Peer 1: 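Supplied in C-alpha cells, the structure appears directly below.
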Amino acid sequence: MVRELGIGLSHARGLEPLCAAGTELVQVLEVEPQTFWMETFDPVDPYQVDQGACERIKGLPQVKLVHGIGFPVGGSRAPDPRHLPVFAQAVVDFDAAWASEHLSFNLAGGPSGTFNTGFLMPPRQTWHGVDAAATTIRSTQAGLPVPFAVETGVNYLRPRPDELPDGLFVGAVAESADCGLLLDLHNVWTNERNGRQSVTEFLGQLPLERVWELHLAGGSELDGYWIDSHSGPVPDDVMDLAAEVIPQLHNLGAIIFEVFPSYLPRLDLHVIEAQLERLHELWSLRPRASIRPPQPSARELGHPTRTVGDDPMGDVRAWEDTLGQIVVGLPTRGSLGAEIGADHGTDIVRSLLKDFRAGMVCDALRLTVHLLLLTVGEEALRSMLAEFGASQPPALFRSTEGEAFGDYLSGLDLKVEYLPEIVAYERGVLRTLTTGQATDVAFPYDPLPVLRALAGARMPQTPRAGNFVVSITPDDCEAIRVEGIAIT
Amino acid sequence: MNKLALSVDPQLDPWRAPLVRVAIPARLAFDLDAFQETIATLARELGCEPCLSGANCLLAFINDYVVNPEGRLDPIPEQWVGALGQQFGP
C-alpha cells in the first residue's frame with residue numbers, strides 16, 4: 001500500500017512555472033532522474049548527476065515520485081547495475097514515496113555484442129517472459145529503499161498466437177515480482193486501437209489492488225496507427241475509461257498527466273491547467289477503503305499450458321535479440337525474424353526511433369542543427385541522420401548520441417561555412433560538461449557573433465577574421481579577467 | 001553566473017594576428033539563452049530522453065522555427081491536430 005498523493009505532472013522544465021505556483025493544482029511531480037544524468041565513461045562511476053537540475057527540482061513544492069527511464073526491467077538482461085545506486089540516491093534526494101520503471105526492454109544482442117535499442121520494446125509475453133521480467137524486477141527492487149512499480153507499456157506489434165494476453169502477462173509479472181503497477185491507461189488504449197487486447201479485457205485480468213499510479217496522456221496518428229506521443233490533451237475516451245476504473249483502484253496513490261517536452265511550446269499552459277482540473281475530478285472518484293494485496297503464495301498463477309522448457313531463457317532472448325536487431329536495422333535470419341519483420345508495427349517503431357534519435361541530436365548539437373537547416377535544409381539533414389543511424393545503434397544519453405553524430409559529420413566533406421568550428425565547439429561543450437576538463441576550440445573568425453546568430457536560428461553575417469580560441473571551462477573555474485582585445 | 005571573458009595572449013610572431021582567447025563556462029555555453037535575445041528554444045538536458053513511446057517531433061519543430069523569418073513559433077500546423085479533432089495552442 002502507498003500513500004495518497006494526488007494529481008500531478010511528469011516533470012519538464014517548461015512545466016516548472018505551473019509547479020512553482022503552488023500545490024493546489026499540481027500536488028505531485030514525477031521526476032525522471034536519468035534525464036539530467038551525464039555519461040562520464042568512467043568505468044567505476046559512469047553516471048554523473050547534474051546537481052543544479054536536481055536542486056532546482058527539489059526546490060519545487062510538490063511531493064516527488066521517481067520514474068526511471070533508460071533502464072527498463074521487462075527483459076531478460078538486467079540493466080547496468082552501476083545505475084542502481086545513483087537511481088536509489090535520487091529516490092532519497094527527492095524523498096520519493098515510491099519508484100517505478102518500464103515493463104519493457106531496451107537491451108538486445110547482436111553480432112557485436114549487447115546494444116541499446118533506443119526505444120522501449122515490448123517484452124516476450126510468455127511464462128518464460130514472466131519469469132525473466134520478474135527476475136529483473138526483483139534485482140532492481142532489492143536496490144531501492146522504497147516500494148517499486150512497473151509501468152504497462154505500449155506495443156505496436158500485432159498479437160501473436162503463442163503469447164499470453166496483455167493483461168494476464170502484466171498481472172502475472174506483478175504477482176511474481178510482488179511489485180506495484182503503474183497503469184498507463186493511454187498505453188493500454190493505444191494498444192487496443194492498434195489491434196491488441198481491449199482495455200476492458202486487459203483491466204479484467206489485472207490485479208487492480210496493485211495499481212498505485214495512473215498515467216494519462218494524449219497521442220497522435222501515424223500511418224494508420226495511434227501513437228503514444230504525449231503530445232496534448234487526454235482523449236475523451238481515455239478520460240471515460242479512467243472514470244470507470246478509478247472507483248476500483250483501492251490503492252491508487254497518484255494520477256499523473258504526461259506531456260513530452262518537445263510539444264510544450266505548442267501548448268498553452270492553460271491547456272495543461274484544464275487537463276489537471278479534469279484529473280482532480282477523476283481523483284474524487286477513488287474508493288475510500290484501501291486493500292492490502294494478498295501475498296503471492298495465496299494466489300494461483302494458473303495457466304493450463306504452463307510448462308518449463310530445457311532452455312527457458314532461449315526463447316526470450318531470441319525474441320529480444322531478433323526484435324532489437326530489426327528495429328535498429330540489423331539484418332536477421334530465421335523464421336522469427338521473417339515473422340516480426342513482416343509486422344508493420346516494426347516499421348512504425350523504426351520511424352519513431354529515427355525521430356527519437358534526431359531529437360537527441362537536436363538537444364545535444366543545437367547550433368549545428370540550426371546551421372545545417374539554414375544551409376543544406378531539412379531533407380538533407382534527415383538523410384545524414386538516417387545514414388548515421390544505420391551506422392551505429394542508438395546511444396542511451398543525448399550527450400553520447402550528439403558526440404557520435406558530431407564525429408560522423410566531421411568525417412563528411414561538407415562544404416558548409418562555419419560547420420567545422422561549430423561542430424568542434426559543440427563537441428567541446430559536451431566534453432567539458434561530461435568530463436569537467438577544459439576544451440579549446442580554434443576559430444579563424446570572431447566566434448561570438450556567429451554563435452549568437454546560430455543560437456537565434458539566424459544565418460551569421462560575415463564575421464571579422466582573426467585568430468581566436470574559445471576555451472570552454474568547467475563551471476567552477478573563475479572567469480579570466482578582461483584585459484583587452486586586439487583584432488586585425 | 002560566470003560570464004564570458006576575453007583576453008589577449010602575448011604573441012612571439014609580430015606578423016601573426018594576435019590570439020584572442022574567449023573563455024566560456026561550459027554550462028553557459030550549453031545555455032542558448034546566453035547567446036540570443038529572442039525567446040529561448042526548448043531547455044535542454046544531456047541525459048536520457050524523457051519517457052516516450054511516440055513521435056518526438058523536435059527536429060520538425062526546430063525546422064519550423066528556423067525557416068520562419070520572424071523567428072517566432074507559429075501556431076500549430078494542421079498536421080499536429082489530433083485525430084480526435086483536438087485543437088491546442090495559443
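Please read these numbers as outputs of a predicted model, since none were measured by experiment. Chain naming here is simple, since letters A, B, ... match the order of the sequence lines and numbering starts at 1 in each.
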Peer 1: State yes or no: are the ring centers of A:Y47 and A:H83 separated by less than 6.0 Å?
Peer 2: no
Peer 1: State plainly whether the residues A:R193 and A:D237 are in salt-bridge range, i.e. N to O under 4.0 Å.
Peer 2: no
Peer 1: Any sub-3.5 Å donor-acceptor pair from A:S229's side-chain atoms to A:S231's backbone N or O?
Peer 2: no
Peer 1: Please flag which part of A:L381 lies under 4.5 Å from any non-hydrogen atom of chain B: side chain, backbone, both or neither.
Peer 2: side chain
Peer 1: Given that the side chain runs from C-beta out, which part of A:L269 has a heavy atom under 4.5 Å from chain B: side chain, backbone, both or neither?
Peer 2: neither
Peer 1: Side chain from CB out, backbone as N, CA, C, O: work out which of these in A:E258 comes under 4.5 Å of a heavy atom of chain B, or both, or neither.
Peer 2: side chain
Peer 1: Quick one: what part of A:L222 sits under 4.5 Å from any heavy atom of chain B, side chain, backbone, both or neither?
Peer 2: neither
Peer 1: Taking every heavy-atom pair that is under 4.5 Å apart, which of A:F443, A:F36, A:Y156 has the most such pairs with chain B?
Peer 2: A:Y156
Peer 1: Answer with yes or no whether the side chains of A:T434 and A:T40 bring together a donor and an acceptor at under 3.5 Å.
Peer 2: no
Peer 1: Taking every heavy-atom pair that is under 4.5 Å apart, which of A:W37, A:F397, A:Y225 has the most such pairs with chain B?
Peer 2: A:F397
Peer 1: Between A:L352, A:L353, A:I227, which has the largest tally of heavy atom pairs under 4.5 Å with chain B?
Peer 2: A:L352
Peer 1: With a 3.5 Å distance limit and no angle check, can you tell me whether A:E101 reaches the backbone of A:I69 through a side-chain donor-acceptor pair?
Peer 2: yes
Peer 1: Select one option (side chain, backbone, both, neither) describing which atoms of A:I348 are under 4.5 Å from chain B's heavy atoms.
Peer 2: neither
Peer 1: Keeping the roles fixed (side chain from A:T190, backbone from A:D228), state whether a donor-acceptor pair exists under 3.5 Å.
Peer 2: no
Peer 1: Taking the six-membered ring for Trp, are A:H215 and A:H67 parallel (under 30°), tilted (30 to 60°) or perpendicular (over 60°)?
Peer 2: perpendicular
Peer 1: Is A:H11 in contact with chain B via its backbone, its side chain, both, or neither, using a 4.5 Å heavy-atom distance?
Peer 2: neither
Peer 1: Can a donor-acceptor pair be found, under 3.5 Å and without considering hydrogens, that links the side chain of A:E426 to the backbone of A:R366?
Peer 2: yes
Peer 1: Checking heavy atoms, do the side chain of A:A438, its backbone, both or neither come under 4.5 Å from chain B?
Peer 2: neither
Peer 1: By a 4.5 Å heavy-atom criterion (distance strictly below it), what part of A:R382 contacts chain B: side chain, backbone, both, or neither?
Peer 2: side chain
Peer 1: Please classify the contact of A:M360 with chain B as side chain, backbone, both or neither, using a heavy-atom distance under 4.5 Å.
Peer 2: both
Peer 1: Over 60° means perpendicular and under 30° means parallel, so tell me whether A:F356 and A:F119 are parallel, tilted or perpendicular.
Peer 2: perpendicular
Peer 1: Please look at A:E39 and chain B and tell me whether the side chain, the backbone, both or neither of the residue comes under 4.5 angstrom of a heavy atom of that chain.
Peer 2: neither
